[in-house]
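What you see is a predicted model, and the numbers here were worked out from it, not measured in a lab.
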Amino acid sequence: MAGGTTPPAPGTSGEPTAGSPSASATGRAPSGPSEPAGPSAASGAGGASAVRRCAAETLTMSLSPADAGAGQVYYRLTFTNTSEEACALKGYPGVSLIRRDGSAVGVPATHEGSAGTSTALGPGKTAGVTLHTNNRGVSDSSCWGRPDYLKVYPPGSTRALTLRTTDPLVCGDRFTTTAVAGG
């Protein structure tokens with residue numbers, strides 16, 4: 001599994017290294033305060049139980065190849081719990097496309113659908129979101145430039161994960177994310 005890298009902060013130098021469009025990200029953004037690790041309710045097979053919110057430090061992420069149809073393009077962004085304890089995710093991640101120099105491509109993803117319920121992730125388990133855009137040429141609006149990184153704040157987190165990738169290609173000014181769901 002190839003590792004992701006953290007892009008340099010704007011105004012600094014530094015060349016990111018290895019990674020690929022569908023590789024897992026393990027790099028974290030160096031800025032921002034430590035995130036709180038407060039409890040959150042999560043439903044399990046045996047009912048609701050208190051499970052800590054997943055911290056960015058205990059997650060990796062990967063991005064599936066594009067799945068296109070009927071003028072729409074979808075990407076599955078998957079989070080994996082790398083800790084030895086269960087944790088939970090609920091809500092929408094903050095998703096942005098970033099250039100190598102740290103500047104943004106377009107605007108962050110907006111929310112699509114309901115906020116959902118809390119999803120518990122056991123050690124090594126996954127949950128994900130769907131990123132949605134239009135296919136090239138479906139709208140009069142042009143496509144944004146390709147990113148060098150995908151920067152993602154897991155729901156409730158003040159720390160980001162980064163993934164070196166040139167996807168998604170956002171077209172028609174549509175860039176949305178669903179809330180986290182299991183599997």
Look up atom CG in Leu77 and atom OG1 in Thr178, then write down how far apart they are to the nearest 0.5 Å.
9.0 Å
First locate atom CZ of Arg53, then atom OG of Ser157, and finally report the distance between them rounded to the nearest 0.5 Å.
6.0 Å
Can any side-chain N or O of Thr80 pair as donor or acceptor with the backbone N or O of Thr60 at less than 3.5 Å?
no
From CA spacing to verdict: side-chain contact (heavy atoms from CB on, under 4.5 Å), Leu169, Thr133
CA-CA 8 Å; Leu169 176 61; Thr133 188; over 6 Å; no
Looking at every non-hydrogen atom in both residues, tell me the closest pair between Cys54 and Leu89 and how far apart they are.
CB-CD2, 3.6 Å
Show the nearest heavy-atom pair for residues Pro123 and Ala86, with the distance to one decimal.
CD-N, 4.2 Å
State, yes or no, whether a side-chain contact exists between Val105 and Tyr149 at a heavy-atom distance under 4.5 Å.
no
Using the six-membered ring wherever Trp is involved, compare the ring planes of Tyr92 and His111 and label them parallel, tilted or perpendicular (cut-offs 30° and 60°).
parallel
Heavy-atom count check: over 12 atoms from other residues, nucleotides or ligands less than 6.0 Å from Gln72 CD?
yes
OH-OG1 distance between Tyr75 and Thr177, expressed to the nearest 0.5 angstrom
14.0 Å
Between Ala56 and Arg159, what is the shortest heavy-atom contact and its length?
CB-O, 3.7 Å
Just so I know, are the side chains of Pro168 and Leu97 near enough to count as touching, which here means a heavy-atom distance under 4.5 Å?
yes
Can you find a heavy atom in the side chain of Val129 that is under 4.5 Å from one in the side chain of Pro93?
yes
Donor + acceptor pair across side chains of Ser103, Asp101 (<3.5 Å):
yes
List the atom of Gly122, the atom of Asn81, and the distance in Å for their closest heavy-atom pair.
O-ND2, 3.4 Å
Applying side-chain contact (heavy atoms from CB on, under 4.5 Å) to Arg76 and Leu131, what does each step give before you reach the verdict?
CA-CA 6 Å; Arg76 184 72 174 166; Leu131 303 179; over 6 Å; no
Please check this pair: side chain of Thr126 against backbone of Phe79, looking for a donor-acceptor N/O pair closer than 3.5 Å.
no
CG of Leu163 to CG of Asp148, rounded to nearest 0.5 Å, is 11.5 Å
Over 12 foreign heavy atoms within 6.0 Å of CZ, Arg136:
no
Minimal heavy-atom distance between Thr82 and Glu57, with the atoms involved, is OG1-O, 4.3 Å
Approximate separation, where rounding is to 0.5 Å, of Phe175 CZ and Asn134 CG
12.5 Å
Gap separating the CZ atom of Arg164 from the CG atom of Leu63, nearest 0.5 angstrom
15.0 Å
